[in-house]
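All chains are named by letter (A, B, ...) in the order of the sequence lines, taking the proteins before the strands, and each is independently numbered beginning at 1.
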There are 2 protein chains.
Amino acid sequence: MTRKPQARTAQTRDRLVAAARDIVAETGLAGLRTEAVVARAATAKGTFFAHFPDKDHLLALLLAEILRAEVAQLAVPASREQLADNLDRVFAAFSSEPERLTLLVRFSGPVGVGLGIDEVIHDVIAGFAGGLAGMQARGMIAPGGDPALLGEGLVAFLFHAAASAQCPLTTMDKDAARRRAQVLLHRLTDALLWPGTESAGKAARSGG
Amino acid sequence: MTRKPQARTAQTRDRLVAAARDIVAETGLAGLRTEAVVARAATAKGTFFAHFPDKDHLLALLLAEILRAEVAQLAVPASREQLADNLDRVFAAFSSEPERLTLLVRFSGPVGVGLGIDEVIHDVIAGFAGGLAGMQARGMIAPGGDPALLGEGLVAFLFHAAASAQCPLTTMDKDAARRRAQVLLHRLTDALLWPGTESAGKAARSGG
DNA sequence: TCCTATATTTGACCGTGGTCATTATTAATC
DNA sequence: GATTAATAATGACCACGGTCAAATATAGGA
């Protein structure tokens, strides 16, 4: 017969997550070692894998926390400038560590349900969609598109730009690659939201 | 002083690539083991890493070959239906193995120059761009957008859809996830190319 | 042809993610 | 409280990617 989970199960899991959270805060996602996690949580390595299918699942959990904190503060955009600003912030949140993009790609689909990644992405899309709906009502973007779909389009562009910015730490100027990707992101956005006026959006932003 | 590379260098490298190519053909990208490669190529493991920075660089090289073969046959699209068909084929090529998407994301940026991934992606974009330019001239898509930029937008949607389709082999229906992602891809494409007529494109395709 | 500096190869070795048979603990029942 | 069956924790072990000091082979010059 199946029996209700023991009381210590949740405690052990919490200890593991807390230990991992601390380590990630200190070393970044890429610096996390399962050995270090179980040492700090005072469990055996096997226990780790009894609670998480693999290391990346735990990392995805923590990434969702981090992204939620970095993205929750974003206001619903009400102007072209605010929209561009939000795009830049989410872009930064998605690509500040290479590991983040890898995890997002791996866990953005059905695989990630339950880890929080899907919720974060959904919230980002919803934030864009809400802003776009308002702007559409005020005639500030091209009419006729479904705001939710346009929001998903923006997130698609974010992923693409983040991937294009991928760059080993050693070679070439990292900021240059990032800035180039950001320009691409904004031009694509303009093409989707203000068809036929790609350059106008850039001009409007550079004025602010 | 630096001296010209020895004759055997290229041979050894070719043996390694050939061995890896055979293994990938047999087991898929995920099934490749460096031990197996060096065994088949009759070299030591250290030699492998003298020729490639890591395993993924070699895999990216092979993936570029594979994608080139799968994508080279695509005709420049001259109609909505052909465009949709090309999108489906590239989507399939990008997402048929989970490992493919991972490698594409990692090596689509500046990191991937010299491995062929960047060329493949460039060719795909150029293919779409060429088709879109023609369709634009004939008034078949919304006017005013830069075809090259629109092509890049389509590739961005491809990546997003492929990520959304990510699904562990064990849980849920793989085809269902893929079909859902494909619908998303087509709706996004319609929003970009035929703003305000998302459903029309679907209807046109379902008739063919 | 011999010498030597450089290029290339080698394989024992290591770090780290992940497994699994075994042991310890606990919920449920009497 | 004693018994037992399910649940959780353990850590020795393995697989595999990647390293590096030492060994070997070669280009180029005398």
Side-chain N,O (B:Thr34) to OP1/OP2 (D:dG18) below 4.0 Å: no

Residue whose closest nucleotide on DNA chain C lies nearer the 5' end, B:Lys45 versus B:Pro5: B:Pro5

A:Asp54 CG - D:dC16 P separation (whole Å): 16 Å

Spacing between B:Asp56 atom CG and D:dG17 atom P, to the nearest angstrom: 10 Å

Audit row: B:Phe159, A:His160, ring-ring contact (aromatic ring centres under 6.0 Å, His included) steps and yes/no: CA-CA 7 Å; B:Phe159 274 99; A:His160 183 61; 5.8 Å; yes

Sugar-phosphate, base or nothing in reach of B:Thr9, heavy atoms under 4.0 Å: sugar-phosphate

Nucleotide C:dG18, atom P - distance to CG of A:Leu16 in whole Å: 14 Å

Minimum-distance nucleotide (side-chain atoms of B:Ala50 versus C:dT9, C:dA27, C:dG17): C:dT9

Under 4.0 angstrom between B:Thr47 side-chain N/O and C:dT10 OP1 or OP2: yes

Side-chain touch A:Val17/A:Leu62, heavy atoms, less than 4.5 angstrom: yes

Contact check, side chains of A:Arg80 and A:Ile141, non-hydrogen atoms, under 4.5 Å: no

Any B:His51 side-chain nitrogen or oxygen under 4.0 Å from OP1 or OP2 of C:dT9: yes

Separation of D:dT7 P from A:Gln11 CD (nearest whole Å): 18 Å

From D:dT10, D:dA9, D:dG18, nucleotide with atom closest to A:Thr43 side chain: D:dT10

Whole angstrom value for the distance that separates P of D:dC16 from CG of B:Leu59: 14 Å

Qualifying residue, where the test is ring-ring contact (aromatic ring centres under 6.0 Å, His included) with B:His57 and the options are B:Phe107, B:Phe52, B:Phe49: B:Phe107

Touch class at under 4.0 angstrom, heavy-atom based, for B:Leu32 against every strand present: sugar-phosphate

Atom pair distance, as rounded to whole Å: CD in A:Glu35 and P in D:dG11: 12 Å

Between C:dA7 (C1') and B:Arg8 (CZ): distance, integer Å: 7 Å

Under-3.5 Å donor-acceptor pair between B:Arg33 side chain and D:dA15 base: no

Candidate nucleotides C:dA27, D:dG18, C:dA7, ranked by approach to the side chain of A:Ala7 - the nearest: C:dA27

Length of the line joining A:Glu99:CD and C:dG17:C1', which is rounded to integer Å: 13 Å

Nearest-nucleotide comparison on DNA chain D, the residue closer to the 5′ end among B:Phe49 and A:Thr12: A:Thr12

Pairwise side-chain contact, B:Val124 with B:Leu67, heavy-atom cut-off 4.5 Å (strictly under): no

Residue B:Gln6, side-chain atoms from C-beta onward, closest of D:dG17, C:dA7, C:dG17: C:dA7

